Student: 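If you scroll down you'll find the structure; I have some questions about it.
If you're wondering where the values come from, they're calculated on a predicted model, not measured in any experiment. Below, each value reflects all heavy atoms present in this structure, side chains not excepted, and no hydrogens, waters or symmetry copies.
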Amino acid sequence: MLRSHTCGQLRSDQIGQTVTLGGWVDKYRDHGGVVFIDLRDRYGITQVAFRMEESSDTQQLAASLRHEDVVQVTGEVVSRGPENKNPKLPTGEIEVRASQLKVLNKSKTPPFEPRGETVPNEELRLQYRYIDLRRPALQEKMVLRHRLTKIVRDYFDALGFLDVETPILGRSTPEGARDYLVPSRVHEGAFYALPQSPQLFKQILMVAGYDRYMQIARCFRDEDLRADRQPEFTQIDLEMAFVEQDDVLGVIDGLIAKLVKELQGKDISLPLPRYTHAEVMEDYGTDKPDLRFEMKIKDITDLVKESSFGVFKSTADAGGRIRGLCVKGAADKYSRRILDNDFKGIVGEYGAKGLAYFKVADGKLESSIAKFFDEEQQKAIVQRMEGEDGDLLLYVADRDKVSSPALAALRNFLGKDLELYDPREIKTAWVLEFPLVTWNEEDNRWDAEHHPFCAVHPDDVDYFETDPSKIRALSYDLVCNGYEAASGSIRIHDPATQQKVFDLLKITAEEAESRFGFLLQALRYGAPPHGGIALGLDRWVMLFAGSDNIRDVIAFPKTQKASDLMNGAPSDVDPKQLRDLHIKLDIPQ
RNA sequence: GGGGCCGUAGCUCAAUCGGUUAGAGUGUCGGACUGUCGAUCCGAAGGUUGCGGGUUCAAGUCCCGUCGGCCUCGCCA
């Protein structure tokens with residue numbers, strides 16, 4: 001070993017010992033006759049003092065050290081004494097009086113310093129990710145990720161789950177997200193696809209009798225990125241046989257409680273709250289509500305459809321609704337300009353044509369459009385909104401398809417802007433009973449809401465013939481702080497029901513056979529009832545890290561255009577590689 | 001594919017209404033200094049204002065295009 005201790009280890013207990021440290025030069029302070037070096041590794045910082053009277057050569061060499069040089073230092077651990085101790089450092093009671101210094105590797109002047117008080121722009125951080133990863137803030141997140149992963153593995157291991165790896169080179173299935181394709185050299189013109197998730201394999205593992213499976217699985221989706229979405233990401237994937245929905249939910253409840261306990265030291269009460277999809281869509285306008293604050297959406301259509309305000313009236317007549325939010329105490333918080341520009345802009349992104357707003361005063365409404373509502377209507381609106389004097393009321397009048405996401409976005413903005421919650425709080429709940437299918441207006445057909453293997457709520461089987469939109473799936477999402485943090489379902493385990501769903505989705509027998517024939521085949525050989533779920537690992541780490549950016553918790557993330565600024569991926573390849581694969585490029589000018 | 005924000009010294013930022021030689025802090029380089037810990041002091045170097053075009057007597061600033069980064073709609077079974 002080139003070191004006897006780490007840079008975070010030494011305390012007063014070691015005074016008098018001769019130690020050897022290795023690390024990076026974090027800061028240097030040259031006083032002429034004495035040089036101080038803050039030596040850093042991922043365990044901490046230790047001050048090393050190089051004094052002329054002890055070794056002139058060593059002290060002179062130390063004077064040449066610069067940021068991020070890698071050095072090996074040997075010396076005696078000494079007390080700094082009461083005047084010179086540094087209470088900011090855990091190692092601040094002591095320093096290493098260096099007798100030997102070896103420069104293991106000089107560093108070029110780094111583009112930025114890990115200890116710098118300002119964080120450089122992300123482009124530079126991604127280009128020099130090896131320096132960025134030296135920053136304590138990022139190292140803490142990597143450690144958190146490790147700990148979380150370890151807790152997850154231990155939890156499932158204790159419950160008898162078996163970690164089974166599934167292939168990375170898989171088969172392309174046209175449904176779902178766009179696939180990342182990998183050309184086969186051996187099979188001319190044929191391609192593998194990287195897995196969007198191990199979905200079909202884990203179901204087949206159930207058929208194979210591995211009744212409790214889990215895997216920390218890398219998944220790939222060639223879709224556009226977001227702050228919480230990367231093209232490759234990690235799922236905590238699991239599947240169980242001989243279970244019902246409650247069993248899966250219970251296992252995950254226990255996991256979340258354990259994570260919160262071990263990572264935050266807090267107890268949460270179980271079971272986690274459960275809402276139906278219909279409930280959260282009505283109350284929050286989204287299937288992934290942020291439940292850290294209230295502010296539910298309220299419907300006032302019945303109160304205003306007879307008013308003289310044309311926009312509300314015509315919306316109601318056209319089958320739309322007038323729904324809105326009551327923002328407590330915010331009547332004077334936002335200027336008219338902000339309401340007309342910024343707020344309208346937020347709902348406008350979702351297609352809302354306008355935003356109506358009122359202040360509540362004396363139990364009535366105040367605004368430029370208040371005159372269109374008589375006193376009785378005004379009082380009824382205030383009552384419906386549970387409004388009090390000083391509250392701000394905001395309304396979007398439109399079809400739910402527009403107003404729901406618009407109001408949900410506005411609500412999220414307000415929650416953050418008005419600091420209605422503690423950003424470190426983890427607030428988790430289940431959303432159950434998703435619709436099995438949704439109508440695709442463009443293609444004029446039913447699409448699976450989750451995926452085509454979701455089991456059907458037993459009470460809703462008759463709706464296949466009458467109204468498929470009313471069929472509830474035995475599927476469940478776990479939402480956390482406004483993110484979809486897990487998603488799963490009980491699966492169909494008999495070929496007849498599976499066929500029924502394929503029929504509804506207009507997937508022909510031939511299509512089904514060619515796309516997922518291997519699964520259908522497997523289901524005919526003794527498939528037990530089964531179900532499972534997958535948790536977004538990166539998102540959970542992000543949530544526990546209190547970050548709103550998934551790149552912060554991935555060691556080597558990709559940019560919004562899915563490139564790696566450090567290594568330049570994706571890149572051109574040698575023409576020979578393409579010839580081997582029989583691939584010709586055809587790039588539009 | 002659409003919308004928005006951003007790009008000035010190695011880094012973080014400034015530069016008035018379009019107006020003289022584009023500044024500051026920090027880092028870098030040289031020097032001084034034996035107890036600092038954001039060390040201090042003296043001195044120096046460092047710029048194709050992302051790139052290309054246009055408007056103008058004059059462009060970091062305005063316009064168009066383009067490249068890159070971020071946020072977002074669509075997309076993400």
Student: I'd like the C1' distance from C42(B) over to C37(B), given in whole Å.
Tutor: 22 Å
Student: Keeping to residues at least two apart or across chains, list the ring pair (Phe, Tyr, Trp, His ring centres under 6.0 Å) pairs with something in residues 32-58 of chain A.
Tutor: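 Pairs touching residues 32-58 of chain A that pass the test: H31(A)-F36(A).
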Student: Does F112(A) reach a base, just sugar-phosphate, or nothing at all? Heavy atoms under 4.0 Å.
Tutor: nothing
Student: Just by distance, no angles: are the side chains of D552(A) and S547(A) close enough, under 3.5 Å, to form a donor-acceptor pair?
Tutor: yes
Student: Considering only heavy atoms and no angle criterion, is a donor-acceptor pair shorter than 3.5 Å present between the side chain of R229(A) and the base of C76(B)?
Tutor: yes
Student: Is K344(A) paired with D342(A) through a side-chain N to carboxylate O contact shorter than 4.0 Å?
Tutor: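 No.
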Student: Would one find more than 12 heavy atoms of other residues, nucleotides or ligands at under 6.0 Å from atom CG of D572(A)?
Tutor: no
Student: Do N440(A) and D447(A) pair up side chain to side chain, a donor and an acceptor below 3.5 Å, judged on atom types alone?
Tutor: yes
Student: Which residues in residues 46-56 of chain A have a heavy atom closer than 4.0 Å to any atom of RNA chain B?
Tutor: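 Within residues 46-56 of chain A, the residues near RNA chain B are Q47(A), R51(A), E53(A).
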Student: How do R66(A) and E95(A) order along RNA chain B: which one's closest nucleotide is nearer the 5' end?
Tutor: R66(A)
Student: Using the C1' atom in both, what is the distance from G69(B) to G50(B), to the nearest Å?
Tutor: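 Nearest-Å result for G69(B) against G50(B) at atom C1': 11 Å.
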Student: At a cut-off of 3.5 Å, list every protein nitrogen or oxygen paired with a nitrogen or oxygen from nucleotides 50-52 of chain B, distance to 0.1 Å.
Tutor:
none

Student: Return the pairing partner of G7(B) with a 3.5 Å limit on both distances, Watson-Crick or G-U wobble; otherwise return none.
Tutor: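 Its partner is C67(B).
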Student: Can you tell me the distance, in whole Å, between the CG atom of D30(A) and the C1' atom of C33(B)?
Tutor: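 Answer to the nearest Å: 8 Å.
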Student: Quick one: H31(A) NE2 to U40(B) C1', roughly how many Å, whole number?
Tutor: 8 Å
Student: Taking NZ, NE, NH1 and NH2 as the nitrogens, is one of them in R134(A) or D26(A) under 4.0 Å from a carboxylate oxygen of the other?
Tutor: no
Student: Using the test side chain to side chain donor-acceptor pair (under 3.5 Å), find all partners of R125(A) that sit at least two apart in sequence or belong to another chain.
Tutor: D132(A)
Student: Specify the separation, in whole Å, of atom CZ of F413(A) and atom C1' of C73(B).
Tutor: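 My rounded result for the distance is 18 Å.
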Student: Looking only at atom P, what distance separates C62(B) and U49(B), rounded to whole Å?
Tutor: 16 Å
Student: Please determine, by modelled atom types, if T166(A) and Q215(A) share a side-chain donor-acceptor pair under 3.5 angstrom.
Tutor: yes
Student: Contact class for E117(A) vs. all strands (heavy atom < 4.0 Å): base, sugar-phosphate, or nothing?
Tutor: base
Student: Quote, to the nearest angstrom, the P distance that separates A44(B) from G4(B).
Tutor: 47 Å
Student: Please determine if a side-chain N or O atom of R29(A) lies less than 4.0 Å away from the OP1 or OP2 oxygen of U36(B).
Tutor: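 For U36(B), OP1/OP2 do not have a side-chain N/O of R29(A) under 4.0 Å.
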Student: Say you pick atom P in G30(B) and the same atom in U72(B); how far apart are they, in whole Å?
Tutor: 46 Å
Student: Which of these passes salt bridge (Lys or Arg N to Asp or Glu O under 4.0 Å) with D38(A): R29(A), K88(A), R115(A)?
Tutor: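 For D38(A), the salt bridge (Lys or Arg N to Asp or Glu O under 4.0 Å) test succeeds with only one of R29(A), K88(A), R115(A), which is R29(A).
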Student: Would you tabulate the nitrogen or oxygen pairs shorter than 3.5 Å linking the protein to nucleotides 5-7 of chain B?
Tutor:
none

Student: Looking at RNA chain B, which of residues 468-489 of chain A put a heavy atom within less than 4.0 Å of it?
Tutor: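 Going residue by residue through residues 468-489 of chain A, none turns out to have a heavy atom under 4.0 Å of RNA chain B.
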Student: Just by distance, with hydrogens left out, do S107(A) and D69(A) show a side-chain donor and acceptor under 3.5 Å apart?
Tutor: no
Student: Paired with A44(B): which nucleotide, if any, by Watson-Crick or G-U wobble criteria at under 3.5 Å for both distances?
Tutor: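 Pairing partner, where one exists within any strand: U28(B).
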Student: Starting at NE2 of H67(A) and ending at P of G38(B), how long is that distance when rounded to a whole Å?
Tutor: 13 Å
Student: If you measure from the P atom in U26(B) to the same atom in G65(B), how many Å do you get, rounded?
Tutor: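 Taking atom P in both U26(B) and G65(B), they lie 41 Å apart.
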Student: Has D460(A) got a side-chain atom pairing as donor or acceptor with R472(A)'s backbone, closer than 3.5 angstrom?
Tutor: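 Yes; judged by distance alone, with no hydrogens or angles, the pair exists.
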Student: List the residues meeting side chain to side chain donor-acceptor pair (under 3.5 Å) with D538(A), not counting sequence neighbours, and say none if there are none.
Tutor: R145(A)
Student: Protein within reach of the bases, or only the backbone? For nucleotides 66-72 of chain B, mark each nucleotide 5' to 3' as B, S or -, using heavy atoms under 4.0 Å.
Tutor: --SSBBB
Student: For a quick test of reading the model: is some side-chain N or O of Y28(A) closer than 4.0 Å to OP1 or OP2 of U40(B)?
Tutor: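 For Y28(A), the contact criterion (side-chain N or O under 4.0 Å from OP1 or OP2 of U40(B)) is not met.
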Student: In whole angstroms, how far is the C1' atom of C37(B) from the CD atom of E83(A)?
Tutor: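 To the nearest whole Å, that distance equals 15 Å.
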Student: Regarding R11(A) and E93(A), does a basic nitrogen lie under 4.0 Å from an acidic carboxylate oxygen?
Tutor: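 Between E93(A) and R11(A) there is no salt bridge, as every charged N stays at least 4.0 Å from the carboxylate O atoms.
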Student: Enumerate the residues from residues 492-508 of chain A whose closest heavy atom to RNA chain B is under 4.0 Å, giving them by residue number; use none for an empty result.
Tutor: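 The answer is none.
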Student: Are E68(A) and R40(A) within salt-bridge range, i.e. N to O under 4.0 Å?
Tutor: yes
Student: Give one of base, sugar-phosphate or nothing for F220(A), where a contact means two heavy atoms less than 4.0 Å apart.
Tutor: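 F220(A): no heavy atom of the nucleic acid under 4.0 Å.
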Student: Within the pair K85(A) and G35(B), is there a side-chain N or O less than 4.0 Å away from OP1 or OP2?
Tutor: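 Answer is no, no contact under 4.0 Å.
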Student: Under the rule for salt bridge (Lys or Arg N to Asp or Glu O under 4.0 Å), what residues qualify as partners of D228(A), not counting sequence neighbours?
Tutor: R539(A)
Student: More 5' along RNA chain B: K27(A) or T109(A), using each one's nearest nucleotide?
Tutor: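 Nearest-nucleotide comparison on RNA chain B picks T109(A).
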Student: Which whole-number value in Å describes the distance from F36(A) CZ to G38(B) C1'?
Tutor: 15 Å
Student: Establish, from distance only, whether the side-chain atoms of Q127(A) and E123(A) form a donor-acceptor pair under 3.5 Å.
Tutor: no
Student: If you measure from the P atom in U8(B) to the same atom in G1(B), how many Å do you get, rounded?
Tutor: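 To the nearest whole Å, 26 Å.
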Student: Rounded to the nearest Å, what distance is computed from the NZ atom of residue K344(A) to the C1' atom of nucleotide G4(B)?
Tutor: 17 Å
Student: Assess whether a salt bridge exists between E239(A) and R491(A), defined as any Lys/Arg side-chain N lying under 4.0 Å from an Asp/Glu carboxylate O.
Tutor: yes
Student: Starting at CZ of R80(A) and ending at P of U36(B), how long is that distance when rounded to a whole Å?
Tutor: 11 Å
Student: Within 45° of the ring axis of Y483(A) and under 6.0 Å from its six-membered ring centre, is that where the NZ or CZ of K288(A) lies?
Tutor: no
Student: Can you tell me how far P in U16(B) sits from the matching atom in G23(B), rounded to whole Å?
Tutor: 13 Å
Student: Excluding sequence neighbours, so at least two apart, what forms ring-ring contact (aromatic ring centres under 6.0 Å, His included) with Y28(A)?
Tutor: H67(A)
Student: What residues form a side chain to side chain contact (heavy atoms under 4.5 Å, CB included) with S404(A), not counting sequence neighbours?
Tutor: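 Applying side chain to side chain contact (heavy atoms under 4.5 Å, CB included) to S404(A) gives R323(A), D400(A).
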Student: Under a 3.5 Å limit for both distances, which nucleotide forms a Watson-Crick or G-U wobble pair with C62(B), could you say?
Tutor: G54(B)
Student: Looking at K106(A), I'd like to know if its NZ atom is crowded, meaning that more than 12 non-hydrogen atoms belonging to other residues, nucleotides or ligands lie closer than 6.0 Å.
Tutor: yes
